[in-house]
Protein chains: 2
Amino acid sequence: MSTQPGPPRQEPIGLYIQRVAKELNRAFEVELSAVGGNVPTWLILVSLKSGKPETQRQLADAVGIRGATLTHHLEGLERNGLVARERDPNNRRVQKVALTDAGEEAFQRMFKTVVAFDSQLRDGFTDKELETLRKLLGRLTE
Amino acid sequence: MSTQPGPPRQEPIGLYIQRVAKELNRAFEVELSAVGGNVPTWLILVSLKSGKPETQRQLADAVGIRGATLTHHLEGLERNGLVARERDPNNRRVQKVALTDAGEEAFQRMFKTVVAFDSQLRDGFTDKELETLRKLLGRLTE
DNA sequence: TATTGTTATACTCTATAACTATA
DNA sequence: TATAGTTATAGAGTATAACAATA
């Protein structure tokens with residue numbers, strides 16, 4: 001086998017995205033932890049705030065994790081007083097998860113951080129460029 | 001506090017990238033595991049094949065993990081007979097890591113998988129679009 | 001029988017701290 | 001003292017399987 005001529009082979013686009021995502025994720029984790037948060041907590045709180053998920057099943061799907069994994073995280077959040085769970089009287093299989101006041105405050109702190117982080121990321125990009133980026137990324141997972 | 005008027009707030013660009021990356025990563029893991037591989041193994045083998053890293057330190061940096069984490073992975077790879085390590089006689093602190101024949105075969109299997117995966121990802125994109133995507137992503141982590 | 005969630009358990013990837021051996 | 005790597009230990013995030021409660 002001989003070395004191929006021509007331009008050097010480019011890194012696979014998938015791996016490149018992983019690398020960028022990993023770097024962004026680490027920076028994001030640092031920012032969130034500075035206000036006492038972490039990524040799964042943020043994803044769960046923001047899903048709860050959106051008000052859409054009615055059940056833990058839906059919440060798990062929204063966050064992209066398994067039910068058992070969600071239970072694990074909710075236990076931590078409940079232990080830290082950020083959420084409260086109570087059975088739905090109409091369907092006692094369902095646990096209704098709600099933010100406590102402390103959870104609301106935690107959410108607000110993280111929200112500020114996320115907005116600042118995002119605005120810093122967007123900095124230097126035009127709206128059109130960001131739109132292009134979103135569209136191209138979206139087509140990758142269609 | 002009242003609901004804001006105007007267009008709905010878009011998902012932060014960073015989180016959007018995380019979501020896309022996570023989905024791609026899971027699909028990639030499935031493909032790799034079908035040929036007996038996994039992501040860290042692939043990253044390590046591909047770094048070794050590039051021939052650049054002379055020491056484990058450099059290898060760890062190339063893969064983006066800590067030295068101790070690399071040791072952990074290399075132990076697994078050595079146990080499975082994919083790599084061999086031996087001390088450099090010129091500097092006996094250094095471990096030279098090399099692919100065994102079995103490691104070479106594993107690399108080739110994963111390589112085929114990665115190329116197929118990447119080509120499937122690129123499908124439906126023009127070269128120009130991919131170039132744009134790479135450039136925009138690159139600017140995010142400058 | 002199907003659905004919702006929990007428990008028990010374990011795996012993977014990662015990390016830090018303390019260490020050995022070399023230089 | 002500094003560098004290369006290992007060992008010991010732990011933590012975060014995730015998962016599957018078996019289960020209980022409810023519908």
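In what follows, every chain begins at residue 1, and chains take the letters A, B, ... in the order their sequences are listed.
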J.: With a strict under 4.0 Å distance from non-hydrogen atoms of chain A, what nucleotide opens and what nucleotide closes the contacted stretch of DNA chain C, reading 5' to 3'?
T.: C/dA2 to C/dA15
J.: What ring-ring contact (aromatic ring centres under 6.0 Å, His included) pairs are there with at least one residue in residues 117-138 of chain A, not counting sequence neighbours?
T.: A/Phe28-A/Phe117
J.: Taking side chain to side chain donor-acceptor pair (under 3.5 Å) as the test, write out the residues that go with A/Lys112, two or more places apart.
T.: none
J.: Any sub-3.5 Å donor-acceptor pair from B/Arg109's side-chain atoms to B/Gly36's backbone N or O?
T.: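 No, B/Arg109 side chain to B/Gly36 backbone: no donor-acceptor pair under 3.5 Å.
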J.: Who passes side chain to side chain donor-acceptor pair (under 3.5 Å) against A/Glu23, sequence neighbours left out?
T.: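 For A/Glu23 there are no side chain to side chain donor-acceptor pair (under 3.5 Å) partners, ignoring immediate neighbours.
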J.: Can you sort out the partners of A/Asp88 under salt bridge (charged side-chain N to carboxylate O under 4.0 Å, His left out), two or more places apart, ordered by chain and number?
T.: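 A/Asp88 satisfies salt bridge (charged side-chain N to carboxylate O under 4.0 Å, His left out) with no other residue.
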J.: Could you give all pairs that pass the ring-ring contact (aromatic ring centres under 6.0 Å, His included) test and reach residues 82-110 of chain B, with sequence neighbours left out?
T.: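 Pairs touching residues 82-110 of chain B that pass the test: B/Trp42-B/Phe107, B/Phe107-B/Phe111.
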J.: Surrounding CD of B/Gln120 (heavy atoms of other residues, nucleotides or ligands, distance under 6.0 Å), is the total greater than 12?
T.: no
J.: Mind calculating the distance between CG (A/Asn25) and P (D/dA12) to the nearest angstrom?
T.: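 Atom-to-atom, A/Asn25 to D/dA12, this comes out as 15 Å.
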J.: Excluding sequence neighbours, so at least two apart, what forms side chain to side chain donor-acceptor pair (under 3.5 Å) with B/Arg19?
T.: B/Glu11
J.: Is B/Leu48 reachable from B/Val94 through a run of hydrophobic residues whose side-chain heavy atoms are each under 4.5 Å from the next?
T.: no
J.: Would you jot down, in residue-number order, the residues of residues 44-56 of chain A having a non-hydrogen atom under 4.0 Å from DNA chain C?
T.: A/Thr55, A/Gln56
J.: Between atom CG in A/Leu77 and atom P in D/dA12, what is the gap in whole Å?
T.: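 Value for this atom pair: 13 Å.
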J.: For the CD atom of B/Gln108 and the NZ atom of B/Lys49, what is their distance to the nearest 0.5 Å?
T.: 5.5 Å
J.: Mind listing the side-chain donor-acceptor pairs of residues 64-77 of chain B below 3.5 Å, one per line with the distance, residues two or more places apart or on another chain?
T.:
unit_1, atom_1, unit_2, atom_2, d
B/Thr71, OG1, B/Gly67, O, 3.2

J.: Could you list the residues that satisfy side chain to side chain donor-acceptor pair (under 3.5 Å) with B/Lys22, not counting sequence neighbours?
T.: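 B/Lys22 satisfies side chain to side chain donor-acceptor pair (under 3.5 Å) with no residue once adjacent residues are dropped.
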J.: Given axes from five pairs at either end, by how many degrees does the helix from C/dT1-D/dA23 to C/dA23-D/dT1 bend, rounded to 10°?
T.: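 Answer for the end axes of this duplex: 10°.
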J.: In the 5'-to-3' direction, what one-character label does each nucleotide of nucleotides 13-23 of chain D receive under the scheme B = base within less than 4.0 Å of a protein heavy atom, S = sugar-phosphate only, - = no such atom?
T.: SBBBB---BBS
J.: Looking at CD of A/Glu104 and CG of A/Leu45, how far apart are the two atoms once the value is rounded to the nearest 0.5 Å?
T.: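 Atom-to-atom, A/Glu104:CD and A/Leu45:CG are 9.0 Å apart.
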